[in-house]
Protein chains: 2
Amino acid sequence: MRATIKDVAKKAGVSIATVSRVFNNSPLVQEKTKAIVQEAARSFSYVPNPSARSLSTRRTETLGVLLPDLHGEFFSEVIRGMDQTARKHRYHLLISSSHNNKSEIAAALGVMRGRVDGLIIMSPNIDAHTLNTNLPSSLPLVLLNCSIEDNSFDTFNIDNFNGAREAVLHLIGHGHRRIAVIKGTEGNIDARERLRGYLSALESAGISRAPELEFEGMFTEISGYQAVEPILQLRPRPSAIFASNDSMAIGAMSALETFGVAVPDDLALAGFDDTPIARFVNPALTTVHVDISNLGVQAVERLLTSVKEEHPRGRTQIVLPTRLVARESCGCKMRPANDVRNPQEETASLSAE
Amino acid sequence: MRATIKDVAKKAGVSIATVSRVFNNSPLVQEKTKAIVQEAARSFSYVPNPSARSLSTRRTETLGVLLPDLHGEFFSEVIRGMDQTARKHRYHLLISSSHNNKSEIAAALGVMRGRVDGLIIMSPNIDAHTLNTNLPSSLPLVLLNCSIEDNSFDTFNIDNFNGAREAVLHLIGHGHRRIAVIKGTEGNIDARERLRGYLSALESAGISRAPELEFEGMFTEISGYQAVEPILQLRPRPSAIFASNDSMAIGAMSALETFGVAVPDDLALAGFDDTPIARFVNPALTTVHVDISNLGVQAVERLLTSVKEEHPRGRTQIVLPTRLVARESCGCKMRPANDVRNPQEETASLSAE
DNA sequence: TCACGAAATGTAAACGTTTACATTTGAGGA
DNA sequence: TCCTCAAATGTAAACGTTTACATTTCGTGA
């Protein structure tokens, strides 16, 4: 049977308030008394009951994380960054995933109420109305990679636009004028911004937009693989492909090999994300680096600032920079220094938009 | 200001006990009364306070998950299976990761006490003593891929041994007699069992163990890459490599390409895990399929059975089967049917050891 | 020794829900 | 109409902690 604060107080010969003060590090307790209480608590392996504490303090010391789906390295990396940061601050992470439409999201928001001190939402389909309807206005909130452009929320986004733009400009720098794009999942903000970056690069180079060069994709290897055959049937044939993420680029690379098209000599290729595998395919993949784990870290830090602050301050919209990593698939002969043996994980620097 | 059960009771003109009965689906409430209460609750967007409920019921409706580290698709898949299953039963997942030594694990166990109704532990370094010391004996527990062989716990493990054995026997079936192995992370149970499967296959084929054919690895692409050069320097040179997971196999494949060694003609290769990328490398990777998501599903189902049961029953130790997927890297000319276009996700069938 | 002020400790109520047992209500039968 | 019994509802205490305010203790100075 589990000991309570009353058992500890009785054994230590003090009141329950004193035991509570000891556990909450009140300066109003004598060291001698403190030692007696701690010894008594140790003898019971006493741990304060989190539910009772929450009822009194109105705090759970838990952060909610709402994810669209848990697929692949991107998500395991962002959760890892979140978890490590939360733990550093003695907070817990309550995870809920596979929320892809508004009613699921609304239901998930309802179920998390009262269980979390703050919430991180990473869902491309969320809108401000759903949030305002389903959450108390006092609940701290951070949006990650959401399409809400409302300045009344704290948001973190990857600089998809400039990353994609840079990659496509790089392909253009290799002489490519007819560049196909394998788009991301319909309705996804990352997909939208990466397409926009692609189009912007074309425009900068004075290349007209050509809708027949734009192909549907779903951020999976298989969708990248399947996009290649129709691309190869175009006349005149594109000389390069920008795939909106690495998984699709790798699928496309596999299909090009199947169809006997040499990369990059016959057709150049670039991806997005710089997942660990990108260095190890042949040819090594040119891609856009994203510091994923740091995205999770920053989101939790920002949320905890909101949770702990007493006076609401202004909201920030932060865009994490991306960086082109030019390897072989675009046609470069030199890979970045130490690209295989000691991949460097750069610390992303924040820039407020 | 958030409404409480008292506000709802007052508005509905009933006692707080009646409101509680409505929310807990007691059969002792008239339908007419129930409707009045629900309407009153709706008018306040009332949600019962989880902390208060937990204090009364001594239940949190939350499951703890303790992970060694969050890396890659394996972990995102197992968490996905867990989360979906927990949600189906209206349970929440409290995640904690990066626990790699005993003191970290003990600390994490302490912090989770009182916050979870049951616990899933997925840590290769856990031992029965740490568990018995830090957890109440009444807390339901499931161990995933842990090295504890004590029958007093519920455990789930992947059949690493037979999977690895099958893969290596398959390489032997291709005529290979000198097969190098890139091992997994030191002290990891998966690594140990896969090595044991490798050795068992050699023995079955009447091939003597050769320690110079065993190379250190860390389940990462880079460690697989780096293992290849010393392998190629052996005389006589091995004609095949069994890498203990797909990531290392892909790293090794990249290195073999770099050194101008043709796969599978000059040197055959096999991996373990059947991650989605395995189909898309060239040559397509021969590997061992693991239904990862289902591992998470089964662990949560088993844990919830323990949480909900009133009378403790016997513990089970379950091994999830693996399946060889022979693609091209071993030397096979035929790939499994529908391997690229419609990968089939088989439902693993359980077998109790 | 007494008075005063600060530090230390204790008492009682609060937090929001659940539920055992008490009380009331309603239906059916004599 | 009265009685009985089952269903429905209410009352009060419990769950374990926190903390405002009350009370006691201790140290210092006159």
Side-chain angles (χ1 to χ4, degrees), chain A residues 1-38 40-41 44-62 90 110-117 136 138, chain B residues 1-38 40-41 44-62 90 110-117 136 138:
Chain A
M1 194 56 240
R2 184 161 166 179
T4 70
I5 199 169
K6 290 178 191 171
D7 301 308
V8 177
K10 188 171 178 182
K11 180 157 190 177
V14 298
S15 73
I16 54 176
T18 299
V19 177
S20 186
R21 288 193 187 99
V22 169
F23 273 85
N24 292 293
N25 292 301
S26 168
L28 297 183
V29 185
Q30 281 194 337
E31 288 301 321
K32 180 174 144 188
T33 307
K34 188 170 181 175
I36 293 168
V37 169
Q38 287 175 334
F44 289 114
S45 296
Y46 168 76
V47 173
N49 182 310
S51 296
R53 284 181 51 80
S54 298
L55 196 49
S56 288
T57 63
R58 297 163 170 256
R59 285 285 170 97
T60 61
E61 291 163 1
T62 303
R90 299 170 182 271
V111 168
M112 277 207 179
R113 279 179 65 176
R115 291 181 184 273
V116 297
D117 295 337
S138 57
Chain B
M1 192 59 243
R2 185 161 166 176
T4 71
I5 199 166
K6 289 177 191 170
D7 302 308
V8 177
K10 188 170 180 183
K11 180 157 191 175
V14 297
S15 73
I16 56 176
T18 300
V19 177
S20 187
R21 286 193 190 98
V22 169
F23 273 85
N24 293 292
N25 292 304
S26 168
L28 297 183
V29 185
Q30 282 192 336
E31 287 302 321
K32 179 174 144 189
T33 307
K34 188 170 182 177
I36 292 169
V37 170
Q38 287 175 333
F44 289 115
S45 298
Y46 168 74
V47 174
N49 182 310
S51 297
R53 284 181 52 80
S54 297
L55 196 51
S56 288
T57 62
R58 295 163 171 259
R59 286 286 169 99
T60 62
E61 291 163 1
T62 304
R90 298 169 182 273
V111 169
M112 277 208 177
R113 280 179 66 178
R115 291 181 184 269
V116 296
D117 294 337
S138 56

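Protein chains get the first letters and strands the later ones, always in sequence-line order, with residue 1 at the start of each. Everything quoted here is computed from the prediction, not taken from an experiment.
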* Asked: How long is the line joining CD1 of B:Ile36 and C1' of D:dT9, in whole Å?
  -> 13 Å
* Asked: For B:Pro50, which contact category applies under a 4.0 Å heavy-atom criterion: base, sugar-phosphate, or nothing?
  -> nothing
* Asked: Rounded to the Å, how far apart are A:Asp7 CG and D:dG16 C1'?
  -> 11 Å
* Looking at every strand, decide which applies to A:Val29 at a 4.0 Å heavy-atom threshold: base, sugar-phosphate, or nothing. => sugar-phosphate
* Sequence neighbours excluded, every pair satisfying side chain to side chain donor-acceptor pair (under 3.5 Å) that has a member inside residues 15-26 of chain B -> B:Ser15-B:Thr18, B:Ser20-B:Asn24, B:Asn24-B:Arg53
* A:Asn24 vs D:dT18: side-chain N/O to OP1/OP2 distance below 4.0 Å -> yes
* Do the side-chain N or O atoms of A:Thr18 get closer than 4.0 angstrom to the phosphate oxygens (OP1, OP2) of C:dT9? -> no
* Nearest-Å distance, CZ (A:Phe23) to P (C:dT9)? -> 16 Å
* **Below 4.0 Å: OP1/OP2 of C:dG16 and any side-chain N or O of A:Arg58** => yes
* Taking all heavy atoms of B:Asp7 and all of B:Thr4, pick out the closest pair and write down the distance. => OD2-N, 2.8 Å
* B:Asn49, nearest nucleotide to its side chain (from D:dT18, C:dG16, D:dG10) -> C:dG16
* Asked: Base, sugar-phosphate alone, or nothing: which one does B:Val14 contact when heavy atoms must sit under 4.0 Å apart?
  -> sugar-phosphate
* To do: With the side chain of A:Thr33 defined as its heavy atoms from C-beta on, choose the nearest nucleotide among D:dT17, C:dC15, C:dT9.
  => C:dT9
* **Candidates C:dA12, D:dG10, C:dC15 - which lies nearest the side chain of A:Leu55** => C:dC15
* Please report, rounded to the nearest Å, how far the C1' atom of D:dC26 is from the NZ atom of A:Lys32. => 12 Å
* Of the candidate nucleotides D:dC15, C:dT17, C:dT9, which contains the atom at the shortest distance from the side chain of A:Leu28? -> C:dT9
* Would you tell me if any nitrogen or oxygen in the side chain of B:Ser20 comes within less than 4.0 Å of OP1 or OP2 on C:dT18? => yes
* In degrees rounded to 10°, what angle is found between the helical axes fit to the five outermost pairs at each end of the helix from C:dT1-D:dA30 to C:dA30-D:dT1? -> 50°
* Results of side chain to side chain contact (heavy atoms under 4.5 Å, CB included) for A:Val111 - residues two or more places apart only -> B:His92
* Under 3.5 Å, is there an N or O donor on one side and an acceptor on the other linking the side chain of A:Ser56 and the base of D:dT18? -> no
* Kindly give the heavy-atom pair with the smallest separation between B:Pro50 and B:Arg2, and that separation in Å. => CD-NH2, 4.4 Å
* Could you state the CD-C1' distance from B:Glu31 to D:dA7, rounded to the nearest angstrom? -> 14 Å
* By nearest nucleotide on DNA chain D, pick out whichever of A:Ile16 and A:Gln30 is the more 5' one. => A:Ile16
* To do: When you get a sec, tell me which of C:dT9, C:dT18, D:dT11 is the closest nucleotide to the side chain of B:Ala17?
  => D:dT11
* Would you state whether a donor and an acceptor, one from the side chain of A:Arg21 and one from the base of C:dG10, lie under 3.5 Å apart? => yes
* To do: Locate the shortest heavy-atom distance separating A:Thr62 from A:Arg115; write the atom from each residue and the value.
  => CB-O, 3.6 Å
* Asked: How close do B:Val22 and B:Gln38 get, heavy atom to heavy atom, and via which atoms?
  -> CG1-CG, 3.9 Å
* Find the distance between CG (A:Leu55) and CG (B:Asn49) and round it off to the nearest 0.5 Å. => 6.0 Å
